[in-house]
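In what follows, a single structure is set out as structure tokens and then discussed.
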Amino acid sequence: MATYEYDIGIIGGGAAGLTVASGSAKLGAKTLLVEKEKELGGDSLHFGCVPSKTLIRTAHIYHLMKNLEVFGLPGIEVPPVDFQKITQRIKSVVAVIQNHDSEERFCRLGVKVIFGNPVFIDPNTIELKSNVYSAQRWVIATGSSPSVPPVPGLRETPHITNKEIFYMDKLPETLIIIGAGPIGIEMAQAFQRLGSKVFVIDKAEQILNKEDTDMADEVMEMLKSEGVVFHLGSTILEVKDLGNKKEVLLSDTTGMTTRIKGDTILVAMGRVPNTSGLGLEEIGVELENCAVKVDNRMRSNLKHIFAAGDVIGSYQFTHAAGYEGAIVISNAIFRLPKKADYTNFPWCTYTKPELAGIGMNERAAKKAGIKYSIWTEAFKDNDRSLAEGEQKGILKMLLNEKEKPVGIQIFGPNAGDLINEWVAVMAGNVTISTLASAIHPYPTIGEINKRVAGSYLSTKIFSDTVKRGLKFFFNLKGRTSCADYSS
Ligand SMILES: Cc1cc2nc3c(=O)[nH]c(=O)nc-3n(C[C@H](O)[C@H](O)[C@H](O)COP(=O)(O)OP(=O)(O)OC[C@H]3O[C@@H](n4cnc5c(N)ncnc54)[C@H](O)[C@@H]3O)c2cc1C
């Protein structure tokens, strides 16, 4: 039997790779981690979740400052932002988290960390800077990069992606965002709030096109009310560099053309899995649209080569990468055949308010042929939301025929946190009546979860059948009629 230097080798030191590396080393596997950048942490830490959420927080505070009167406070003249200071704050937050993801910490855990661009030279061996490293099992966790589709003139015109947007020298006066997915939409609101004039262009007819239209439209209306201009259902005919300005020529579904000029273009048109240059196809690993094709145990067609995270091209979220990393550990280290199951997968778009979901939305339920009923609750009916000045939004619950929640969507304050209760409900098979009868503290925004469950149950409890039964058994006399208010 062939012998290898390492039990497991991991390529990519982001959310997925670091999960596998720490788990494997802690379980006593001889672990190698290869990262092409100078630091560990991946996109989530350096160019994704952490900088974006830090920026969004800063933009929210600035937005509150501009709207103090809403809270009964004196209005003030707010000076323009200095984007370099915002960048400094982003860098300082990243630096703190970087300590958790440092080379030193992983070495202490027992992981051998090396930096550079590896290439597979056979199915168990990579070459890096003239050295070779062999491992019995490998994990591809190289993430994804911003996709820059072949729009005429786009590649020749200076533009930015998520790699640059958090680290700019100054706030763009006009920001043209191409792509109305979660990244484009989060950035649209944040930059509009910070003082840029923001345009969003997408060929789809709705923003956040994986969401139900009614929920996505709620987000769009909110952004429009803050000043963001949308061009949906639009095809980009040409992008031009005019020197200190850039121009985008669009055509809508009727063929009408519009020209938009701006100083910065942000391309947020989806992601491409990072598989090029690794020599994967050369050793026989099957790819599909650049993504490593895996089964539900995260194994590629070469069963000793696993993949997890954005590189498999499915659920491109940090928590998906962590979950898939844990599936890899089960299969590759424990050798237990654990399968990934995304039935109760939660997600969130961090606009203010946020749009979060778990399980199926209406679109997915219809596609799966599931019969469902819809139950909603508005944030304007939640006492705490009113006190917070956060009364925008709605919670939408889908129940199946067995009265089990199959999906929840929440557009409202702290929706990403509110969804966590549904994570427990759905993962723990908790019934709607258990949730409705559980005591929630008053006044909290989270009471909305209990209320939507209660609104469904109240149709049963306060039904005519129950009333007739109570009258029959206990001789109840029926409701009083209040003459003063009867007309
Ligand atoms: C602007 C933005 C905001 C986001 N916000 C959120 C959010 O709020 N919540 C959320 O869940 N997700 C969010 N995401 C998505 C999230 O960042 C990704 O899903 C997550 O980073 C995927 O983790 P990963 O380990 O697969 O890839 P990554 O974290 O990108 O890690 C991959 C690593 O592999 C390295 N690598 C690449 N190629 C090679 C190679 N050839 N050799 C060696 N190393 C290589 C990379 O340098 C990187 O360190 C956001 C993404 C963006 C762009």
Side-chain angles (χ1 to χ4, degrees), residues 60 71 208 211-212 214-219 222 317 319 341-365 370-467 469-470 479:
H60 185 57
F71 299 92
L208 304 172
E211 304 284 353
D212 282 345
D214 56 344
M215 302 303 274
D217 283 353
E218 293 263 355
V219 179
M222 181 191 55
F317 295 97
H319 48 289
D341 175 3
Y342 299 95
T343 314
N344 295 326
F345 189 83
W347 69 95
C348 185
T349 299
Y350 296 89
T351 44
K352 290 275 179 192
E354 299 167 354
L355 174 60
I358 180 169
M360 289 188 185
N361 56 19
E362 280 196 73
R363 187 175 296 186
I370 287 177
K371 288 207 176 123
Y372 60 87
S373 59
I374 293 182
W375 301 85
T376 59
E377 196 61 39
F379 280 86
K380 68 178 169 44
D381 297 327
N382 175 280
D383 294 358
R384 182 62 182 276
S385 297
L386 294 176
E388 296 288 321
E390 296 264 18
Q391 55 271 51
K392 261 191 205 135
I394 190 161
L395 183 154
K396 183 165 138 189
M397 170 173 78
L398 269 66
L399 291 186
N400 68 11
E401 286 178 304
K402 291 185 180 148
E403 302 172 352
K404 282 190 72 176
V406 289
I408 311 290
Q409 289 143 78
I410 308 177
F411 170 59
N414 306 336
D417 289 306
L418 294 179
I419 210 78
N420 284 329
E421 185 167 20
W422 293 100
V423 170
V425 166
M426 290 175 68
N429 270 320
V430 173
T431 63
I432 280 294
S433 56
T434 305
L435 174 62
S437 57
I439 304 168
H440 287 58
Y442 175 85
T444 54
I445 296 178
E447 278 183 296
I448 198 163
N449 291 335
K450 175 185 167 77
R451 257 187 96 127
V452 76
S455 71
Y456 160 72
L457 284 178
S458 65
T459 58
K460 311 219 142 200
I461 295 168
F462 303 114
S463 69
D464 287 344
T465 318
V466 173
K467 278 187 268 180
L470 288 171
R479 297 166 61 176

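What you see is a predicted model; the values in this text were computed from it and never measured.
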### Task
Please examine the side chains of Thr349 and Leu208, heavy atoms only from C-beta on, and report whether any two atoms are closer than 4.5 Å.
yes
### Query
Can you tell me if Trp347 and Glu211 form a side-chain donor-acceptor pair at under 3.5 Å?
yes
### Minimal non-hydrogen separation, Met222 against Thr351, with atom names
CE-CB, 4.3 Å
### Message
Using side-chain heavy atoms (C-beta onward) and a distance below 4.5 Å, is Leu435 in contact with His440?
### Response
yes
### Task
Decide if the gap between the ring center of Phe411 and the ring center of Phe379 is smaller than 6.0 angstrom.
no
### Task
Check for a donor-acceptor pair, side chain of Lys450 on one end and backbone N or O of Ala438 on the other, with a separation under 3.5 Å.
yes
### Message
Which residue is it: Leu395, Asn414, Ile358? I am looking for the one with a side chain to side chain contact (heavy atoms under 4.5 Å, CB included) to Ile419.
### Response
Ile358
### Task
Verify, without hydrogens or angle tests, whether Arg384 (side chain) and Pro443 (backbone) share a donor-acceptor contact under 3.5 angstrom.
yes
### Task
Spell out, as yes or no, whether a donor-acceptor pair under 3.5 Å connects the side chain of Asp212 to the backbone of Met215.
no
### Query
With a 4.5 Å heavy-atom cut-off, do Trp375 and Thr459 have their side chains touching?
yes
### Ile448 vs Leu418 side-chain heavy atoms within contact, under 4.5 Å
yes
### Query
Between Lys404 and Asn429, does any side-chain donor sit less than 3.5 Å from a side-chain acceptor?
yes
### Candidate pair Ile408 and Lys396, rule side chain to side chain contact (heavy atoms under 4.5 Å, CB included), full reasoning
CA-CA 6 Å; Ile408 311 290; Lys396 183 165 138 189; over 6 Å; no
### Query
Are Ser455 and Glu377 side-chain neighbours, meaning at least one heavy-atom pair lies under 4.5 Å?
yes
### Task
Decide yes or no for Leu399 and Val406: does some side-chain heavy atom of the first lie under 4.5 Å from some side-chain heavy atom of the second?
no
### Query
What is the distance from atom NZ of Lys371 to atom CD of Glu401, rounded to the nearest 0.5 Å?
5.0 Å
### Message
Quick check on Lys380: does its NZ atom have over 12 non-hydrogen neighbours (other residues, nucleotides or ligands) under 6.0 Å away?
### Response
no
### Task
Indicate the atoms forming the closest heavy-atom contact of Ser385 with Pro413, along with that distance.
OG-CG, 4.2 Å
### Task
Compute whether any side-chain donor of one residue and acceptor of the other, for Tyr372 and Glu362, lie under 3.5 angstrom apart.
yes
### Query
Just wondering, do Val423 and Asn344 contact through their side chains at under 4.5 Å, heavy atoms?
no
### Summary
For Gly412 and Pro353, the nearest pair of non-hydrogen atoms, with its separation, is C-CB, 3.3 Å
### Query
Is there a donor-acceptor contact under 3.5 Å from the side chain of His319 to the main chain of Pro346?
yes
### Query
Are any of the side-chain heavy atoms of Glu390 and Asn382 separated by less than 4.5 Å?
no
### Query
So does Asp381 pair up with Arg451, basic N to acidic O under 4.0 Å?
no
#### Entry: Main-chain N/O of Gly416 paired with Glu354 side-chain donor or acceptor, under 3.5 Å
yes
## Note on the structure
When rounded to the nearest 0.5 Å, the distance separating CG of Leu355 from CD of Gln409 is 7.0 Å
### Task
First locate atom OG1 of Thr343, then atom CE of Met426, and finally report the distance between them rounded to the nearest 0.5 Å.
8.5 Å
#### Entry: Distance-only polar pair, side chains of Asn449 and Glu421, donor-acceptor under 3.5 Å
yes
### Query
So, Ser433 and Thr431: side-chain donor and acceptor under 3.5 Å apart, yes or no?
yes
